[in-house]
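Just so it is clear, the structure is predicted and the values come from calculations on it, not from any experiment. Scope of the values below: all heavy atoms of this structure, side chains included, with no hydrogens, waters or symmetry mates.
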Amino acid sequence: MMSDNCIFCKIISGEISSKKIFEDSDLMVFHDIRPIAPVHFLIIPKMHIESLNHAEAEHQNLLGKMLLLAPKLATEHGLKGFRTMINTGREGGQEVFHLHVHVFGGGANLPKT
Ligand code: AMP
Ligand code: ZN
């Protein structure tokens, strides 16, 4: 389940520290180390799934749980609106190959697209 060289698996195991904001049996959420907005956190599954390209039908509930958590935590962090982003594959700008949903917002309105 855990992937040896994966930085997010190391965050889940506690080997690398993070500013954690939520954890349950399936998911973990922590602040992005290089925020692009006043509030910027990452929702990740504890299970090592490389990217959305590697998600299967069996992960449907997990993916739904990740998305439903976004508005809950965004509200808790004072956001009235927010943006979600999932970068998939190198061509999609993905740098960490453990599935994650970016949630960010706050301050001025986000630009379109
Ligand atoms: P992506 O380009 O979608 O793969 O984004 C990876 C994100 O992970 C980037 O926004 C990084 O700032 C963030 N990141 C990388 N290492 C860490 C870390 N140790 N703790 C928190 N966020 C991280
Ligand atoms: Zn991982």
Treat each ILVMFWY residue as a node, draw an edge where side-chain heavy atoms are under 4.5 Å apart, and state whether I43 and L63 are in one component. yes

With rounding to the nearest 0.5 angstrom, report the OG to CD1 distance, S18 to I33. 9.0 Å

Nearest heavy atoms of V103 and A74, plus distance in Å: CG1-CB, 4.4 Å

Identify whether L79 and L69 are in the same connected component of the hydrophobic contact network (ILVMFWY, side-chain heavy atoms under 4.5 Å). yes

Result for side chain to side chain contact (heavy atoms under 4.5 Å, CB included) between L99 and one of M66, H48, H59 points to M66

Could you tell me how the ring of H40 sits relative to the ring of H102: parallel (under 30°), tilted (30 to 60°) or perpendicular (over 60°)? tilted

Rounded to the nearest 0.5 angstrom, the OG-CD1 distance for S17 and I11 is 8.0 Å

Assess whether atom CG of N5 is packed by more than 12 heavy atoms of other residues, nucleotides or ligands within 6.0 Å. no

In this structure, OG1 of T75 is separated from NE2 of H77 (nearest 0.5 Å) by 11.0 Å

Report yes or no: do L52 and L27 belong to one cluster of Ile/Leu/Val/Met/Phe/Trp/Tyr joined by side chain heavy-atom distances under 4.5 Å? yes

If I compare all heavy atoms of H98 with all of P45, which pair ends up nearest, and what's the gap? NE2-O, 2.7 Å

Common cluster, L67/L62, ILVMFWY with side-chain heavy-atom separation under 4.5 Å: no

If you compare all heavy atoms of A37 against all heavy atoms of F104, which two are closest, and at what distance to 0.1 Å? CB-CB, 3.9 Å

Validation row: V29, L73 side chains within 4.5 angstrom (heavy atoms): yes

Would you say that I21 contacts K19 through its side chain, given a criterion of any heavy-atom pair below 4.5 Å between the two side chains? no

In terms of the angle between their ring planes, are H31 and F41 parallel, tilted or perpendicular, with boundaries placed at 30° and 60°? perpendicular

Within a strict 4.5 Å, meaning less than it, do heavy atoms of the L42 and F30 side chains meet? yes

Can you name the closest pair of heavy atoms from V96 and Q94 and give their distance? O-NE2, 2.9 Å

Might you point out which heavy atoms bring G106 and P38 nearest each other, and give the distance in Å? O-CD, 3.4 Å

With a 4.0 Å cut-off on N to O distance, would you call E23 and K46 a salt bridge? yes

Please report the closest heavy-atom contact between T88 and S51, naming both atoms and the distance. CG2-OG, 3.8 Å

Following the transitive rule for hydrophobic clusters with a side-chain heavy-atom cut-off under 4.5 Å over Ile, Leu, Val, Met, Phe, Trp and Tyr, establish whether V101 and I44 coincide in one cluster. no

Could you check whether any side-chain heavy atom of F22 comes within less than 4.5 Å of a side-chain heavy atom of M28, counting everything from C-beta outward? no

Carboxylate-amine/guanidinium proximity below 4.0 Å for K65 and D24: yes

Give, for atom CG of N87 and atom CZ of F97, the distance between the pair rounded to the nearest 0.5 Å. 9.5 Å

